[in-house]
Amino acid sequence: SISHRLWPEIEKVVHQQVAWARLGLGDSGTGWQLFAEDGEMRMYRREEEVDGMVVDPLKAVHIVKGITGHEVCHYFFSPQYRYDWETTLEQMTVLETIADDTCLFLQTHKRIWPASQRDVIFWSHIRHLPNDQDRDGPDIWTVVNHSTEHKDYPANSGKCVRIFLTVCLLCQTRVNPPKEGTPITRDDISCKITYCSVVNPGGWAPASVLRALYKREYPKFLKRFTSYVTNQTKDKPIMF
Ligand SMILES: CCCCCc1ccc(-c2ccc(S(=O)(=O)CCO)cc2)cc1[C@H]1C[C@H]1c1ccccn1
């Protein structure tokens, strides 16, 4: 709700991330390297370090048939489904339900040898950006996750190293209009998904270990999550 202390930051970060996600990958001069490909999914990263720590920005584009952007964002945002698809999650706590479209999460992720275990606190906001203005403009659904602090959970106070992240899941639904007068079915829809993330791993971890870990985990994560949405929605009415 607009009265919450985080609201100004949420507005700023959501608009910044939507603009970033909508940018193409530019020409090869922009340093984006394709590092994973699977069917319609293409995953790119840029090699960047801050204070000797790997903080490679990641951008993935995936096109999935039979689901809508609203459905993808619904299953990504809603806490009740997260253990079903987020395999590296050890513990998830909703610290605060700020509004029906905004939550504050604490997550601990499974320890990945040889690095120490990580945790993260982030606000998560789901937003529909309709294209009322120009009909043929994109109709966008998005979820933005952005690290924040919480007075009851200071960073690095327990066994976990606190990580920092900004994630944007941006979805655009495409409808191939069926024959005049026939209802739209899941065969007539597809969703273009852009997943952007920047993860600062907190404490130091070897660049080679982190890059190998991301190379393995991110493609698995996006494929598993999108398959999960397909399975959850296949026998349900379409959520436009
Ligand atoms: C040395 C360890 C480095 C950090 C480990 C770690 C922690 C959190 C995260 C992470 C946290 C949140 C999100 S999300 O998109 O907001 C969804 C909600 O869960 C996504 C990924 C990633 C990784 C890195 C494993 C890598 C990895 C990559 C994709 C999936 C799982 N793990």
Side-chain angles (χ1 to χ4, degrees), residues 10 13-14 17 20-21 35-36 38 41 43-45 48-62 72-95 102-127 141-148 153 155-156 158-171 193-229:
I10 292 170
V13 174
V14 167
Q17 287 299 309
W20 170 253
F35 76 89
D38 184 314
M41 185 185 77
M43 224 161 230
Y44 303 82
R45 71 167 168 215
E48 284 183 16
E49 302 193 5
V50 169
D51 302 333
M53 283 192 305
V54 167
V55 289
D56 300 357
L58 178 131
K59 187 176 264 199
V61 183
H62 195 7
V72 171
C73 288
H74 170 72
Y75 286 99
F76 188 76
F77 171 76
S78 307
Q80 65 265 34
Y81 310 112
R82 195 156 299 171
Y83 285 110
D84 298 345
W85 55 264
E86 177 65 286
T87 52
T88 66
L89 196 59
E90 182 175 279
Q91 172 78 29
M92 171 195 72
T93 310
V94 178
L95 297 178
T102 311
C103 288
L104 198 59
F105 290 101
L106 165 63
Q107 295 191 168
T108 54
H109 286 256
K110 290 171 183 153
R111 180 169 184 271
I112 296 170
W113 186 87
S116 44
Q117 189 168 28
R118 259 65 182 180
D119 68 7
V120 57
I121 294 179
F122 59 90
W123 52 257
S124 183
H125 178 71
I126 184 169
R127 174 80 62 91
W141 274 90
T142 189
V143 175
V144 176
N145 296 342
H146 182 74
S147 309
T148 188
Y153 300 89
N156 308 317
K159 62 181 165 65
C160 292
V161 171
R162 179 66 48 87
I163 69 166
F164 303 90
L165 58 76
T166 301
V167 164
C168 177
L169 182 75
L170 186 130
C171 300
I193 299 169
T194 304
Y195 176 86
C196 299
S197 90
V198 180
V199 174
N200 180 322
W204 186 80
S208 55
V209 165
L210 275 173
R211 288 188 171 125
L213 188 146
Y214 294 158
K215 191 174 170 76
R216 190 184 67 233
E217 291 296 332
Y218 274 112
K220 205 164 69 176
F221 153 76
L222 196 55
K223 281 181 65 62
R224 178 181 170 90
F225 171 66
T226 50
S227 308
Y228 174 77
V229 177

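Both counts, for ligands and for their atoms, begin at 1 and track the order of listing. Side chains are part of it too, since the values below use all heavy atoms of this structure and drop only hydrogens, waters and symmetry mates.
With respect to atom 8 (C) of ligand 1, the closest heavy atom belonging to the protein is I163 CD1, 3.4 Å. Of all protein heavy atoms, the one closest to atom 3 (C) of ligand 1 is L210 CD2, 3.7 Å. When hydrogens are left out, the protein atom nearest atom 16 (O) of ligand 1 is N145 ND2, 2.9 Å; that is the closest non-hydrogen contact. The nearest protein atom to atom 27 (C) of ligand 1, hydrogens excluded, is given as E217 CB, 3.5 Å; this is a heavy-atom distance. Remark: minimum distance from atom 21 (C) of ligand 1 to any protein heavy atom is reached at Y218 OH, 4.3 Å. Remark: minimum distance from atom 20 (C) of ligand 1 to any protein heavy atom is reached at Y195 OH, 3.6 Å. Scanning the protein for heavy atoms near atom 10 (C) of ligand 1, the closest one is H109 CE1, 3.9 Å.
Atoms of ligand 1 lying under 4.0 Å from at least one heavy atom of T88, given by number and element, are 31 (C), 32 (N). Proximity to L213 (heavy-atom distance under 4.0 Å) selects the following atoms of ligand 1: 24 (C), 25 (C), 26 (C). Counting atoms of ligand 1 from 1 in the listed order, those under 4.0 Å from a heavy atom of V167 are 15 (O), 16 (O). Near A115, the atoms of ligand 1 lying under 4.0 angstrom from a non-hydrogen atom of the residue are 1 (C).
Nearest to atom 2 (C) of ligand 1 by heavy-atom distance, out of R118, R216, K215, is R118.
With respect to the salt-bridge test (charged N to carboxylate O, under 4.0 angstrom), the residues K159 and E90 qualify. Under the 4.0 Å criterion applied to side-chain N and carboxylate O atoms, R211 and E48 are not assigned as salt-bridge partners.
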Practice task
Evaluate the side-chain contact (heavy atoms from CB on, under 4.5 Å) criterion for residues S147 and V120: first the C-alpha distance (whole Å), next the side-chain angles of each, then the deciding distance (0.1 Å), finally the verdict.
Solution key: CA-CA 7 Å; S147 309; V120 57; 4.2 Å; yes
Practice task
For the pair V144 and V167, evaluate side-chain contact (heavy atoms from CB on, under 4.5 Å) and give the outcome as yes or no after the intermediate values.
Solution key: CA-CA 6 Å; V144 176; V167 164; over 6 Å; no
Practice task
Carefully, step by step, assess Y81 and E86 under the rule side-chain contact (heavy atoms from CB on, under 4.5 Å).
Solution key: CA-CA 9 Å; Y81 310 112; E86 177 65 286; over 6 Å; no
Practice task
Starting from the C-alpha separation in whole Å, work towards a yes-or-no answer on side-chain contact (heavy atoms from CB on, under 4.5 Å) for T226 and I193.
Solution key: CA-CA 9 Å; T226 50; I193 299 169; 3.6 Å; yes
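One distance of note links CD1 of I121 with CD of Q107; it measures 10.5 Å at 0.5 Å rounding. Between L170 atom CG and T194 atom OG1 the span is 5.5 Å, to the nearest 0.5 Å. Considering CZ of F105 and CG of D119, their distance stands at 15.0 Å, rounded to 0.5 Å.
Across every non-hydrogen atom of L169 and T142, the tightest pair is O-OG1, 2.8 Å. The two residues I112 and L213 come nearest to each other via the heavy atoms CG2-CD1, 3.1 Å.
With a heavy-atom cut-off of 4.0 Å, V199 does not touch ligand 1 at all. No part of V120 comes within 4.0 Å of ligand 1, judged by heavy-atom distances. Heavy atoms of I112 found under 4.0 angstrom from ligand 1 belong exclusively to the side chain. Contact annotation for L165 and ligand 1: only side-chain heavy atoms (C-beta onward) come within less than 4.0 Å of the ligand.
The N/O atoms of E86, backbone and side chain alike, include one that comes under 3.5 Å of an N/O atom in ligand 1. Any N or O atom pair closer than 3.5 Å counts here, and S116 shares no such pair with ligand 1. Considering backbone and side-chain N/O atoms, Q107 comes within less than 3.5 Å of an N/O atom of ligand 1.
Residue contact check for ligand 1: F76 places a non-hydrogen atom closer than 4.0 Å to it.
Inside a 4.0 Å radius of atom 23 (C) of ligand 1 there is not any protein heavy atom. In this structure, atom 5 (C) of ligand 1 has no protein heavy-atom contact shorter than 4.0 Å.
The ring-ring contact (aromatic ring centres under 6.0 Å, His included) with F221 is formed by just one residue from the set Y195, Y214, Y228; it is Y195.
Judged by the 6.0 Å distance and 45° axis criteria, R82 is not positioned over the aromatic ring of F77.
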